[in-house]
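Down below is the structure, laid out as structure tokens.
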Amino acid sequence: RVVTEYLHRRSYAVRACSDGAEAVKLLKDGAIFDIVLSDIRLPGASGLEVLAAAKSQPTPPAVVLMTGFASVDNVLDAMRQGAYAYVRKPIMDFDNDLGRIIEQALREIRLKRENDELMAKLKRINDLLAARQEHVRRELEMAGHIQRSLLPADFARLGGVSVAAKRIIGEAVSGDFFDIIQHGDGSIGLLTGQALGRDLPAAILMATITGHLRELARRFAAPEKVMSEANSALRVVLEKGFENFVTAFYGVISPDRRV
């Protein structure tokens, strides 16, 4: 009762139990406390049983044991089982002997809670980043697959001209492109180039350019006309703020005329 009155005067919220059995039941039923103060010798259940019940909680409170029969063995046993501290009775100076321990325990509890909250927040951020990275990885994988499907896989012998190409990239996707276009008059268009930028935007630009150049090459015979039309169309797109640019070559071989 004296301890309870002291804690009330210090403006702490207090729940008092009549014996050890009541305290053990309260803790096992899930009651949440920051600090548990218990005598080692109690009717119904000992202070060590109260300590064990407190330590079984998901977030255990700090347990301060009090005793008027302190021995080295009892104290060491209590500390090994997880007691935060012990206080010898009779308590002559409550502020120094008990109040100081309570304040220190509460500071440590607040710090631990803040740390746990920060760690939980960090875990949520890491989980979001991991999910985002996985999403980006799948997007890049799909983009790389689409990009590879747009590039010619092999080349037949065209009009006596043998053509081969090799593409080596350092990332999942890039802006490299090439194509062979066979015209009705027997001439062969050779297209190669690169859309410079970062990852997916460059790959998307590459796919757009390749399709556009293929269409232009079928419409116009002269390479300079193809490139002029392509340049005009791309300027409209790139001048809208995209941080990309394109380098391309398009030439036409006429095997029959050997030019």
Side-chain angles (χ1 to χ4, degrees), residues 1-140:
R1 181 176 297 177
V2 175
V3 173
T4 301
E5 292 175 355
Y6 169 75
L7 295 175
H8 278 306
R9 289 198 303 271
R10 296 290 298 268
S11 299
Y12 292 123
V14 180
R15 172 68 181 270
C17 295
S18 59
D19 57 27
E22 182 183 352
V24 168
K25 184 178 185 306
L26 197 62
L27 290 165
K28 287 186 175 181
D29 287 345
I32 298 174
F33 301 97
D34 291 327
I35 299 176
V36 172
L37 301 177
S38 174
D39 204 312
I40 288 182
R41 294 189 177 185
L42 292 171
S46 71
L48 294 180
E49 290 177 278
V50 174
L51 171 62
K55 300 302 287 184
S56 69
Q57 290 193 331
T59 304
V63 179
V64 178
L65 295 177
M66 300 176 291
T67 179
F69 306 94
S71 69
V72 173
D73 290 340
N74 287 341
V75 171
L76 290 177
D77 189 30
M79 300 304 287
R80 276 195 298 266
Q81 293 186 47
Y84 179 80
Y86 81 95
V87 178
R88 293 194 62 172
K89 298 194 305 184
I91 301 174
M92 306 304 295
D93 186 338
F94 274 86
D95 286 336
N96 285 326
D97 296 340
L98 183 61
R100 178 177 50 82
I101 292 174
I102 292 173
E103 289 174 1
Q104 180 178 331
L106 289 175
R107 281 196 299 269
E108 293 181 11
I109 289 168
R110 283 192 292 267
L111 287 173
K112 185 179 184 304
R113 284 177 180 166
E114 291 173 2
N115 183 66
D116 290 345
E117 289 173 1
L118 289 173
M119 292 300 294
K121 184 177 181 180
L122 182 60
K123 184 180 183 303
R124 289 194 297 271
I125 292 173
N126 286 336
D127 289 345
L128 289 173
L129 287 175
R132 176 58 182 163
Q133 287 174 345
E134 176 61 19
H135 179 70
V136 171
R137 186 195 66 77
R138 288 197 300 268
E139 282 190 341
L140 291 177

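Positions are given from 1, in the same order as the sequence printed here. We use all heavy atoms of the structure for the numbers below, so side chains are in, but hydrogens, waters and symmetry mates are not.
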Are the side chains of [X] and [Y] in touch, meaning some heavy atoms are under 4.5 Å apart?
{"X": "Arg10", "Y": "Phe94", "result": "no"}
{"X": "Ile91", "Y": "Val2", "result": "no"}
{"X": "Ile101", "Y": "Gln104", "result": "no"}
{"X": "Tyr12", "Y": "Ile102", "result": "yes"}
{"X": "Val14", "Y": "Val3", "result": "no"}
{"X": "Leu65", "Y": "Leu48", "result": "yes"}
{"X": "Lys121", "Y": "Glu117", "result": "no"}
{"X": "Leu37", "Y": "Val64", "result": "yes"}

What's the spacing between [X] [atom1] and [Y] [atom2] if we round to 0.5 Å?
{"X": "Asp95", "Y": "Glu103", "atom1": "CG", "atom2": "CD", "result": "8.0 Å"}
{"X": "Thr67", "Y": "Lys89", "atom1": "OG1", "atom2": "NZ", "result": "7.0 Å"}
{"X": "Glu5", "Y": "Leu7", "atom1": "CD", "atom2": "CG", "result": "10.5 Å"}
{"X": "Thr59", "Y": "Ile32", "atom1": "OG1", "atom2": "CD1", "result": "7.5 Å"}

For [X] versus [Y], what's the shortest heavy-atom pair and its separation?
{"X": "Cys17", "Y": "Ala23", "result": "SG-CA, 3.7 Å"}
{"X": "Phe33", "Y": "Arg15", "result": "CE2-CB, 3.7 Å"}
{"X": "Val50", "Y": "Gly20", "result": "CG2-O, 4.0 Å"}
{"X": "Ala62", "Y": "Ala105", "result": "CB-CB, 4.2 Å"}
{"X": "Ala45", "Y": "Val24", "result": "CB-CG2, 3.9 Å"}
{"X": "Gly47", "Y": "Ser38", "result": "CA-OG, 3.6 Å"}

Full working for side-chain contact (heavy atoms from CB on, under 4.5 Å) between Lys112 and Asn115: CA-CA 5 Å; Lys112 185 179 184 304; Asn115 183 66; 5.5 Å; no

Does a salt bridge link Asp116 with Lys123, judged by any charged N lying under 4.0 Å from a carboxylate O? no

Any Lys/Arg nitrogen of Asp34 or Arg113 sitting under 4.0 Å from an Asp/Glu carboxylate oxygen of the other? yes

Indicate yes or no for a side-chain donor-acceptor contact from Glu49 to the backbone of Ser46 under 3.5 Å, with no hydrogens or angles considered. yes

Between Gln57 and Leu27 (side chain of the first, backbone of the second, donor and acceptor by atom type, cut-off under 3.5 Å), is there such a pair? yes

If you draw a 6.0 Å radius around CG in Leu128, do more than 12 non-hydrogen atoms from other residues or ligands fall strictly inside? yes

